[in-house]
Amino acid sequence: MNQGLIITIDGPSGVGKGTVAKSVAKELALAYLDTGAMYRAVALQVKRNPINIDNDTELLSLLNNTEIGIVNNQDNVLVITLNNEDITDKIRSPEISRISSDVATKRLVRKKLVELQREIGLNGNIVVEGRDMGTYVFPEATFKFYLDATLEERALRRRKQLMENNINIDLDNMTKEIELRDKQDKGRLESPLHPAPNAVIIDTTNLNADEVTNRIITEVKVSK
Ligand code: DC
């Protein structure tokens, strides 16, 4: 299916996949794809056009009017567009996190986004980050990693990230939100979150982003 190097990085909410995937891509001069951002784009579309997402006819009609773009700009920052509007700064709120986890349970949504992800990954030389990259979207990827950390640590990391974007949420609520996301992402019928059988699992609880990045790069270089 694919040519060229594909590195998949999967794991639960708040584990720091984004930071690590971006650094790995930079160090190895590869492209980077944040697939969570695509689910977030669909979530924003649903927020703006309230529909019953359990109704496939309504959902399909909305998806047919949803064009998602994802490109690296000149500064190597990933820009996400929804029907040609730059929505990069509009998809990181707790509300969008919640809706994206809901829309990600829907088969029609996954079908559309997986097609797009495979198209983008077709030529390889890319680091792809999400929940089902190694298990479903790119089962033949060259290297597969699964990052994990305790719920408490992930809540702290996600809260810090939100606070850097001037979004305040107390730690108790953050922990509950992440616990709920975990339940939904791991328990859904369509491509639930779990490590691929041949993924390298890294417990990042006591590691910083640089240490995790180095672990991945070392693994890739040793096995190349
Ligand atoms: O990684 P993230 O927090 O930006 O992802 C947002 C939501 O999208 C998350 O609840 C799970 C879902 N998701 C998914 O189901 N499959 C992916 N490949 C990426 C994200």
Side-chain angles (χ1 to χ4, degrees), residues 6-28 30 32-40 43 78 91-102 104-105 127-138 141 143-165 167-188 191-223:
I6 296 186
I7 299 175
T8 63
I9 302 181
D10 289 304
S13 294
V15 78
K17 298 182 298 291
T19 313
V20 167
K22 254 180 262 170
S23 307
V24 170
K26 192 166 174 224
E27 291 276 327
L28 298 175
L30 301 171
Y32 159 63
L33 178 64
D34 169 7
T35 60
M38 294 175 156
Y39 289 91
R40 289 172 180 271
L78 215 58
I91 53 171
R92 298 290 158 193
S93 69
E95 186 190 11
I96 294 294
S97 298
R98 210 169 303 133
I99 306 174
S100 62
S101 181
D102 291 342
T105 64
V127 179
V128 290
E129 172 235 309
R131 302 291 188 289
D132 57 346
M133 296 297 105
T135 49
Y136 184 70
V137 184
F138 299 106
F143 297 99
K144 298 181 185 181
F145 296 91
Y146 185 92
L147 308 186
D148 214 342
T150 60
L151 173 64
E152 293 71 23
E153 179 61 25
R154 289 185 287 122
L156 282 169
R157 286 179 192 172
R158 180 49 65 83
R159 182 166 170 260
K160 183 165 174 272
Q161 204 176 41
L162 286 175
M163 284 173 87
E164 282 163 7
N165 289 309
I167 300 174
N168 274 310
I169 176 162
D170 74 65
L171 191 57
D172 257 11
N173 281 335
M174 191 75 261
T175 309
K176 281 186 196 129
E177 289 269 342
I178 297 228
E179 202 173 13
L180 202 70
R181 276 322 66 78
D182 281 0
K183 216 182 212 171
Q184 191 147 282
D185 294 345
K186 290 178 179 174
R188 67 180 178 226
S191 304
L193 170 67
H194 65 90
N198 51 352
V200 174
I201 299 176
I202 304 177
D203 179 354
T204 71
T205 307
N206 297 307
L207 301 175
N208 65 32
D210 284 346
E211 290 169 323
V212 181
T213 302
N214 289 337
R215 281 271 286 275
I216 293 179
I217 287 173
T218 305
E219 191 83 34
V220 170
K221 286 189 173 158
V222 165
S223 319

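Position 1 is the first residue of the sequence; numbering continues from there.
Using a 4.0 Å cut-off between charged nitrogen and carboxylate oxygen, K160 and E164 count as a salt-bridge pair. Ion pair E179/K183 not flagged as a salt bridge, since none of the NZ, NE, NH1 or NH2 atoms sits closer than 4.0 Å to an Asp/Glu carboxylate oxygen. Using a 4.0 Å cut-off between a side-chain N of Lys or Arg and a carboxylate O of Asp or Glu, R92 and D34 qualify as a salt bridge.
Around CZ of R215, the count of heavy atoms belonging to other residues, nucleotides or ligands within 6.0 Å does not exceed 12.
Here the shortest heavy-atom pairing between Y32 and A25 reads CB-CB, 3.8 Å. In terms of heavy atoms, K17 sits closest to I9 at CD-O, 4.0 Å. Between N208 and D210, the shortest heavy-atom contact is OD1-N, 3.1 Å. Of all non-hydrogen atoms in N206 and E211, the two that sit nearest each other are O-OE1, 4.1 Å. For T135 against D10, the heavy-atom pair with the smallest separation is N-OD2, 4.5 Å. Across all non-hydrogen atoms, the minimal contact from T205 to A149 is OG1-CA, 3.3 Å.
Rounded to the nearest 0.5 Å, atoms OG1 (T8) and CG (L33) are 12.0 Å apart. To the nearest 0.5 angstrom, I216 atom CD1 is 9.5 Å from S23 atom OG. Note: I178 CD1 to R159 CZ = 11.5 Å, rounded to the nearest 0.5 Å. Here the NZ atom belonging to K176 is positioned 11.5 Å from the CG atom belonging to L151, to the nearest 0.5 angstrom. Taking CD from E177 and CG from L162, the interatomic distance works out to 9.5 Å, rounded to the nearest 0.5 Å.
Counting heavy atoms from C-beta outward, Y146 and L193 have side chains that approach closer than 4.5 Å. Using a 4.5 Å cut-off on side-chain heavy atoms (C-beta onward), K221 and L28 make contact. With contacts defined as side-chain heavy-atom distances shorter than 4.5 Å, the pair V128/V137 does not qualify. Residues V15 and V20 are not in side-chain contact: their nearest non-hydrogen atoms beyond the backbone lie 4.5 Å or more apart. Using a 4.5 Å heavy-atom cutoff, the side chains of P12 and R154 are in contact. The side-chain heavy atoms of M163 and N168, taken from C-beta on, include a pair separated by under 4.5 Å. Counting heavy atoms from C-beta on, the side chains of L156 and E152 never come closer than 4.5 Å. Annotation: side chain of S100 is not in contact with side chain of R181 (no heavy-atom distance under 4.5 Å).
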Evaluate side-chain contact (heavy atoms from CB on, under 4.5 Å) for Q184 paired with L180, printing each intermediate quantity in order. CA-CA 6 Å; Q184 191 147 282; L180 202 70; over 6 Å; no
Worked verdict on R157 versus T204 for side-chain hydrogen bond (donor to acceptor under 3.5 Å, both in side chains): CA-CA 11 Å; R157 286 179 192 172; T204 71; 2.9 Å; yes
Check against side-chain hydrogen bond (donor to acceptor under 3.5 Å, both in side chains), R98 and S93: CA-CA 9 Å; R98 210 169 303 133; S93 69; over 6 Å; no
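E129 places no side-chain N or O within 3.5 Å of a backbone atom of A21 that could act as its donor or acceptor partner.
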